> 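Next up is a structure, given as structure tokens.
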Amino acid sequence: MRVGWLAPLLWIGAVHGATVPEPDLALAEHNYQQHCQQCHGVNRIGGAGPALLPQSLSRIKPNEIREVITNGRPASQMAAFGTVLAPAQIDGLTHHLQRPPAVEPTWSEDDTRRSHRLLADVASLPDKPQHHADPLNLFVVVEAGDHHVDIVDGDRFEVLARFASHFALHGGPKFSPDGRFVYFASRDGWISLYDLHNLTLIAEVRAGLNTRNLAVSKDGRWVLVGNTLPGNVVVLDARDLSLVKTVATVGLDGQPSRVSAVYTAPPRNSFIVALKDVKEVWELSTGPHPDFVPRRIEAEDYLDDFSFSPDYRQLLATSRKAQGGQVIDLDTGRIVTDIALPGMPHLGSGTYWKRDGHWVFATPNISKGLISVIDFDTWKVIQQIPTLGPGFFLRSHVNSRYAWTDVFFGPDNDAIHLIDKQTLEIAHTLRPMPGKTAAHVEFTRDGRYLLLSIWDTDGALIVYDSHTLKEIKRLPMNKPSGKYNVGNKIEFAEGTSH
Ligand code: HEC
């Protein structure tokens, strides 16, 4: 893992070092236009292939970029260029793609409007489920390996429908309040609306060039998209994804900002917008006649990763200054307290449950093998649970004795820990498929079963009985990442992500 993290730095160091000549960028641009532009678009904003901007490639290591260009990607239009281009030319392209284009790419409201496509007429579709599964116990499963989505019957554990999504879905799909519609955001800004009653796509729009995630308002009328490129939030009509309003995310001091994430806060009837480059949190009311003018909450620090108290009165955010978490009152904007947490807590994946009548909040940590448990009344850390390595997700259900967490990073990434929610100790460690990353669980609506991902090209969705911990079924899938239970999501059930 060490080498993996360091590789990009070493490579950039080598390129910028005095002894290694800079690749010829003019030649790289020429090669791009000749060999890549037809799919990846003028100015690299994407087309049949994904966008290739620095923002788009931020999660990929330079070595992987070089490897994709050389060998292509199986079962996709991305061909191998190892026989067409010399290694030095491929290095040049690799370097080129990580730099911003000479002309900054833009995406206007007109671009958004022009990209809008209606694929089906909702009014003419039946408004009752056209399948025999329980509509509130469906799972939406993202297969990241080949960019597909599965709709899975949560009682029989069978796939009802499978369809291609846009490249790299991001941030978790969100549902309409009745659970009929689901909304997806892709890395490159494509928003899709899918009808779970009729198992069909309804509409699509490209709302930006690089998107963080989306949220759906409590009343189901509005979709809010948070973008990093351009830095803005985009309000769409939830019925057909037509554009309603764009709000540039600019701080009070005029500084433009990327969006870290957008959330819906149902008890407040609002959207919460976390900004990355200015010390502000925004709240957009979604009451009866919303104007989508932000209420600005000025923070004392840059806030990255978020979670909320169960009543949405307080915000828990990672803060660089507090070296851990900071609790902010959403009404007054005041800092309630700092919570010192070691490493890099992943608050957005944290979850809460009741223990001896008190709410506790537990968060995984992406740089340390540790689950931190915090008491919601006192905001004190009451337990640090050591794990086999840094983890990414933590999930539970009101009817489950355990909170399930993964060991996403390091040699033990095939392990899953089950934490006893009362004793706060690891009760079981499972290795569902030795040698393959196990991650992210989601429970059925009643909490009796859960689905776990084997995050691998030759991966699977494994169904467990949440009480006996016996495996019930295994569905082969290509890098299944997130999975989302309609009922748990629309009820904002305890233990799942929001
Ligand atoms: C015929 C269309 C096509 C052409 C031409 C093409 N690509 Fe691609 N490229 C794709 C598609 C489609 C993908 C997505 C593959 C997948 O599903 O992972 C892709 C993926 C990539 C990726 C990985 C992106 C990511 O985020 O994972 C890189 C890097 C890339 N292409 C670079 C290039 C370069 C450089 C060239 C020119 C030398 C090029 N491509 C030419 C279609 C194309």
Side-chain angles (χ1 to χ4, degrees), residues 4 7-8 11-12 15 22-102 105 115 141-150 162-171 184-190 192 204 206 208-213 227-229 437 455-459 477-482:
W11 190 83
I12 290 166
V15 168
E22 284 265 320
D24 184 340
L25 290 176
L27 177 64
E29 177 57 27
H30 173 80
N31 281 333
Y32 176 81
Q33 286 173 12
Q34 193 174 350
H35 299 287
C36 324
Q37 183 162 290
Q38 72 208 74
C39 290
H40 292 287
V42 175
N43 230 358
R44 288 150 42 195
I45 66 165
L52 297 177
L53 299 163
Q55 292 86 345
S56 330
L57 297 169
S58 62
R59 293 187 182 193
I60 304 173
K61 296 173 198 119
N63 273 337
E64 194 183 334
I65 300 176
R66 189 184 297 113
E67 147 79 24
V68 174
I69 302 172
T70 309
N71 300 321
R73 283 251 172 88
S76 86
Q77 285 188 66
M78 180 60 203
F81 287 88
T83 50
V84 183
L85 299 169
Q89 289 179 308
I90 292 180
D91 280 354
L93 274 168
T94 305
H95 187 62
H96 181 57
L97 297 182
Q98 292 172 88
R99 298 193 159 200
S115 70
V141 183
V142 175
E143 283 190 73
D146 59 358
H147 311 287
H148 275 70
V149 173
D150 300 89
R162 185 171 194 273
F163 56 94
S165 72
H166 278 277
F167 186 84
L169 294 183
H170 240 217
F184 300 93
S186 86
R187 186 192 77 183
D188 293 348
W190 282 100
S192 311
E204 287 190 330
R206 192 174 187 188
L209 295 174
N210 194 258
T211 290
R212 210 9 227 108
N213 73 335
N227 288 324
T228 47
L229 186 72
T437 306
W455 203 292
D456 194 276
T457 313
D458 283 317
M477 285 194 186
N478 188 342
K479 254 195 203 171
S481 51

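These values consider heavy atoms only, across backbone and side chains, with no hydrogens, waters or symmetry-generated copies. In this chain, residues are counted from 1 in sequence order. Given the structure is predicted, the values throughout are model-derived calculations rather than measurements. Start at 1 and go down the list; that is how both ligands and their atoms are numbered.
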> Pull out every atom of ligand 1 sitting under 4.0 Å from any heavy atom of H35, numbered as shown with elements.
5 (C), 37 (C), 38 (C), 41 (C)
> Would you kindly specify which portion of N31 sits under 4.0 Å from ligand 1, judged on non-hydrogen atoms: side chain, backbone, both or neither?
neither
> Which protein heavy atom lies closest to atom 22 (C) of ligand 1, and at what distance to 0.1 Å?
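The closest heavy atom on the protein side is V68 CG1, 3.6 Å.
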> Return the closest protein heavy atom for atom 18 (O) of ligand 1 as residue, atom name and distance.
R73 NH1, 2.7 Å
> What is the ring orientation for H147 with F167, classed by angle as parallel under 30°, tilted 30 to 60°, or perpendicular over 60°?
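Judged by the thresholds at 30° and 60°, the geometry between H147 and F167 is tilted.
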> Can you check whether N213 reaches H170 side chain to side chain, under 4.5 Å on heavy atoms?
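The answer is no; the side chains never approach within 4.5 Å.
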> With side chain to side chain donor-acceptor pair (under 3.5 Å) as the test, pick out the partner of Q33 among H30, H35, E29.
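It is E29, the one option of H30, H35, E29 that forms the side chain to side chain donor-acceptor pair (under 3.5 Å) with Q33.
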> Can you pull out the closest protein heavy atom to atom 1 (C) of ligand 1? Residue, atom name and distance to 0.1 Å, please.
C39 SG, 2.7 Å
> What are the two closest heavy atoms between G145 and K479, and how far apart are they?
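Heavy atoms only, the tightest pair is N-CB, 3.3 Å.
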> Identify the protein heavy atom lying closest to atom 38 (C) of ligand 1, giving its residue, its atom name and the separation to 0.1 Å.
C36 SG, 2.7 Å
> Answer side chain, backbone, both or neither: which part of F167 comes under 4.0 Å from ligand 1, heavy atoms only.
side chain
> Kindly confirm or rule out an N or O of Q38 lying under 3.5 angstrom from an N or O of ligand 1.
no
> Report the part of L52 in contact with ligand 1, treating N, CA, C, O as backbone and CB onward as side chain, heavy atoms under 4.0 Å; options are side chain, backbone, both, neither.
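The part of L52 near ligand 1 is the side chain, not the backbone.
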> For atom 25 (C) of ligand 1, what's the nearest protein heavy-atom neighbour? Residue, atom name and distance, please.
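The protein heavy atom lying closest is I60 CD1, 3.4 Å.
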> Quick check on atom 8 (Fe) of ligand 1: does H40 put an N/O/S atom closer than 2.8 Å to it?
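H40 does place an N, O or S atom closer than 2.8 Å to atom 8 (Fe) of ligand 1.
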> Please name the pair of heavy atoms, one in A144 and one in S481, separated by the smallest distance, quoted to 0.1 Å.
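Result for this residue pair: CB-OG, 3.9 Å.
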> Looking only at protein heavy atoms, identify the closest one to atom 33 (C) of ligand 1 and say how far it is in Å.
M78 CE, 3.3 Å
> Out of A75, P50, S76, whose heavy atom sits nearest atom 13 (C) of ligand 1?
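Looking at heavy atoms only, the winner is P50.
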> How about N31 and H96: do any of their side-chain heavy atoms sit closer than 4.5 Å?
no
> With side chains defined as the heavy atoms from C-beta onward, is the minimum distance between L53 and P105 less than 4.5 Å?
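Yes, close enough: below the 4.5 Å cut-off.
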> State whether the shortest distance between N or O atoms of R187 and N or O atoms of ligand 1 falls below 3.5 angstrom.
yes
> If we ignore angles and hydrogens, is there a donor and acceptor under 3.5 Å between the side chains of N227 and T211?
yes
> To check your reading of the model: name the closest protein heavy atom to atom 17 (O) of ligand 1, its residue, and the distance in Å.
H147 CD2, 3.6 Å
> Between atom 8 (Fe) of ligand 1 and Q77, is there an N, O or S atom separated by less than 2.8 Å?
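For Q77, the answer is no, given that no N, O or S atom comes within less than 2.8 Å of atom 8 (Fe) of ligand 1.
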> Would you name the heavy atoms of V149 and S165 that are closest together and state the gap between them?
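In this case the closest contact between V149 and S165 is CG2-CB, 3.9 Å.
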> Do R44 and P100 make a side-chain contact, defined as non-hydrogen atoms from C-beta onward lying under 4.5 Å apart?
no
